[in-house]
Amino acid sequence: MKIIFLGTGTSQGVPMIAHPQGGCDLNNSKNWRTRTSAHIEMDGHHIQIDAAPEFRLQCIQNKIKAVDTFILTHSHADHIMGMDDLRRFCDLKGGDAIPVYSNKLSLKRVADIFPYAIHDRPIPKGYPSFALHEMPTVLELPVGTIESTPLPHGPIEVLGLIFTEKKSGKKLAYFTDCKSLTQSAYQLAQGVDLLVIDGLRPSEHPSHMNIAEAVACAQRIKAPRTYLTHMTYYVDQEATEAELPESIFLAYDGLELNF
């Protein structure tokens with residue numbers, strides 16, 4: 001299994017509008033963050049999680065050449081607004097619609113924002129085409145399974161995702177944009193080889209976990225490796241990572257992990 005962190009920041013990431021330095025050392029390339037999305041490969045099947053506004057550039061920089069399945073964790077702007085650029089992957093699939101999975105609220109927003117893409121095939125050629133599906137509790141793919149569980153994110157719920165690759169048995173939990181983990185999430189994450197979790201900033205936030213909360217969740221799950229994502233300009237890569245417990249790290253744009 002492989003995960004590529006295409007983006008690991010927020011709309012208040014680094015550099016920040018009218019505040020380019022933030023609290024970070026901009027000489028460290030790992031502090032330059034685009035908004036959060038990730039690309040997972042399970043035995044040759046390409047799964048895209050979210051599409052940040054910088055999605056086109058993220059794909060070019062990380063040489064993403066296929067998207068077979070798209071999962072939208074939730075429909076906030078920093079996760080949905082790059083979906084139009086999925087049009088290229090429709091072209092590469094011969095014009096077939098890309099399967100898009102999310103919860104009911106997010107699927108409605110996809111249809112509201114991209115009405116021209118809700119067709120079996122692109123109209124006209126070169127446009128995106130989305131086949132919308134409500135995310136099941138367990139999505140069965142030929143290469144493995146993707147389990148989902150709702151997580152609290154302010155007034156809405158996001159999809160927490162657990163990937164299990166059939167061939168290798170490897171397991172990945174991806175929990176972005178959440179204030180806490182539910183009992184269901186903890187149960188599904190038991191035995192994961194890799195945990196990715198929301199760790200917004202050092203201070204409290206009403207709808208995201210701060211770093212201390214994310215670390216506490218990670219220590220309860222006890223994955224061999226944990227990576228925090230979705231970080232603001234308050235989080236300096238080197239200074240923050242030096243204070244994290246063993247086996248817990250900060251993700252960064254372009255980080256690729258094979259496990």
Side-chain angles (χ1 to χ4, degrees), residues 1-8 36-52 55 58-59 62-74 79 86 89 92-93 96-103 131 133-151 158-178 181-182 184-199 214 217-218 220-230 247-259:
M1 187 183 294
K2 176 195 295 186
I3 180 170
I4 304 172
F5 292 86
L6 303 188
T8 57
T36 299
S37 65
H39 190 84
I40 291 175
E41 186 176 339
M42 291 203 304
D43 195 18
H45 189 91
H46 294 263
I47 303 155
Q48 178 62 36
I49 308 175
D50 297 331
F55 181 57
Q58 292 174 344
C59 288
N62 291 279
K63 298 180 172 59
I64 304 301
K65 296 182 179 179
V67 172
D68 300 306
T69 301
F70 183 87
I71 303 177
L72 180 65
T73 60
H74 65 297
H79 294 258
L86 288 166
F89 298 108
L92 294 173
K93 286 166 61 70
D96 291 339
I98 290 178
V100 173
Y101 292 88
S102 196
N103 57 31
H133 305 279
E134 187 172 355
M135 184 69 184
T137 303
V138 181
L139 176 60
E140 299 278 358
L141 297 172
V143 296
T145 62
I146 306 171
E147 298 171 277
S148 69
T149 187
L151 299 175
V158 306
L159 292 178
L161 302 168
I162 300 87
F163 300 80
T164 304
E165 187 177 52
K166 182 186 295 184
K167 183 177 181 180
S168 67
K170 295 296 185 179
K171 191 172 179 181
L172 160 70
Y174 190 90
F175 300 144
T176 189
D177 288 57
C178 56
L181 297 187
T182 62
S184 172
Y186 279 117
Q187 291 174 347
L188 290 170
Q190 291 306 303
V192 296
D193 299 282
L194 183 69
L195 170 64
V196 180
I197 193 166
D198 185 16
C217 290
R220 180 172 169 181
I221 292 172
K222 298 179 182 178
R225 286 184 292 170
T226 294
Y227 283 84
L228 308 189
T229 193
H230 208 282
S247 80
I248 301 178
F249 310 93
L250 299 183
Y252 55 87
D253 286 25
L255 172 63
E256 181 176 322
L257 301 173
N258 291 274
F259 60 100

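The nearest pair of heavy atoms linking Met135 to Ile71 is CE-CD1, 4.3 Å. Considering every non-hydrogen atom in both Ala251 and Thr8, the closest pair reads CB-CG2, 3.8 Å. When all heavy atoms of Pro150 and Thr182 are compared, the closest pair comes out as O-CG2, 3.8 Å. Listed here is the closest heavy atom pair of Ala214 and Gly199: CB-CA, 4.1 Å. Nearest heavy atoms, Phe89 versus Ala66: CE2-N, 3.6 Å. The shortest non-hydrogen separation linking Asn62 to Gly254 is OD1-CA, 3.4 Å.
Every pair tested for salt bridge (charged side-chain N to carboxylate O under 4.0 Å, His left out) that includes a residue from residues 64-74 fails, sequence neighbours excluded, so the list is empty. Evaluation of the salt bridge (charged side-chain N to carboxylate O under 4.0 Å, His left out) test over residues 247-259, restricted to residues two or more places apart or in two chains, returns Lys2-Glu256.
Taking CE of Met42 as the start and NZ of Lys166 as the end, the distance is 9.5 Å to the nearest 0.5 Å. Distance check: Ile197 CD1 to Cys178 SG gives 5.5 Å after rounding to the nearest 0.5 Å. The distance from the CG atom of Asp193 to the CG atom of Leu172 is 9.0 Å, given to the nearest 0.5 Å.
At a threshold of 4.5 Å between non-hydrogen side-chain atoms, the residues Cys217 and Tyr186 count as touching. Between Leu255 and Ile4 the shortest side-chain heavy-atom distance does not fall below 4.5 Å. Using a 4.5 Å heavy-atom cutoff, the side chains of Leu257 and Phe5 are in contact. Contact annotation: the side chain of Leu161 never approaches that of Ile40 to less than 4.5 Å [non-hydrogen atoms, C-beta and beyond]. Using a 4.5 Å cut-off on side-chain heavy atoms (C-beta onward), Phe259 and Ile3 make contact. With a 4.5 Å cut-off on side-chain heavy atoms, Thr229 and Thr176 count as touching.
Scored by the ring pair (Phe, Tyr, Trp, His ring centres under 6.0 Å) test, Phe249 finds Tyr227 as partners (sequence neighbours excluded). The side-chain hydrogen bond (donor to acceptor under 3.5 Å, both in side chains) search around Ser37 returns Gln58, not counting sequence neighbours. Under the side-chain contact (heavy atoms from CB on, under 4.5 Å) criterion, Ala131 pairs with Ala97, His133, not counting sequence neighbours. Annotation: side-chain hydrogen bond (donor to acceptor under 3.5 Å, both in side chains) contacts of Ser184 (sequence neighbours excluded): Thr149. Listed by chain and residue number, Glu165 satisfy the side-chain hydrogen bond (donor to acceptor under 3.5 Å, both in side chains) test with Ser168 (two or more places apart in sequence, or in another chain). In this structure, the side-chain hydrogen bond (donor to acceptor under 3.5 Å, both in side chains) partners of His46, at least two apart in sequence or on a different chain, are His39. With sequence neighbours excluded, no residue forms a ring pair (Phe, Tyr, Trp, His ring centres under 6.0 Å) with His45. Residues satisfying the side-chain contact (heavy atoms from CB on, under 4.5 Å) test with Ala189, not counting sequence neighbours, are Ala173, Phe175, Val192, Ile221. Not counting sequence neighbours, Tyr252 has no partner by the ring pair (Phe, Tyr, Trp, His ring centres under 6.0 Å) test.
Of the candidates Leu195, Val196, Leu194, Thr226 forms a side chain to side chain contact (heavy atoms under 4.5 Å, CB included) with just one, namely Leu195.
For Lys171 (side chain) and Gln190 (main-chain N/O), a donor-acceptor pair under 3.5 Å exists by modelled atom type. For the pair Gln48 (side chain) and Ala38 (backbone), a donor-acceptor distance under 3.5 Å is present. Looking only at distances, a side-chain donor or acceptor of Asp50 sits under 3.5 Å from a matching main-chain atom of Thr73.
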Can you give each donor-acceptor pair under 3.5 Å made by side-chain atoms of residues 138-147, sequence neighbours left out, with the distance rounded to 0.1 Å?
none

Take Phe163 and Ile49 through the test side chain to side chain contact (heavy atoms under 4.5 Å, CB included) and record every step on the way to the result.
CA-CA 12 Å; Phe163 300 80; Ile49 308 175; 3.7 Å; yes
Could you walk me through whether Ile64 and Leu6 pass side chain to side chain contact (heavy atoms under 4.5 Å, CB included), step by step?
CA-CA 10 Å; Ile64 304 301; Leu6 303 188; 4.1 Å; yes
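Annotation for Lys93: atom NZ counts as buried by contact number, over 12 foreign heavy atoms lying within 6.0 Å.
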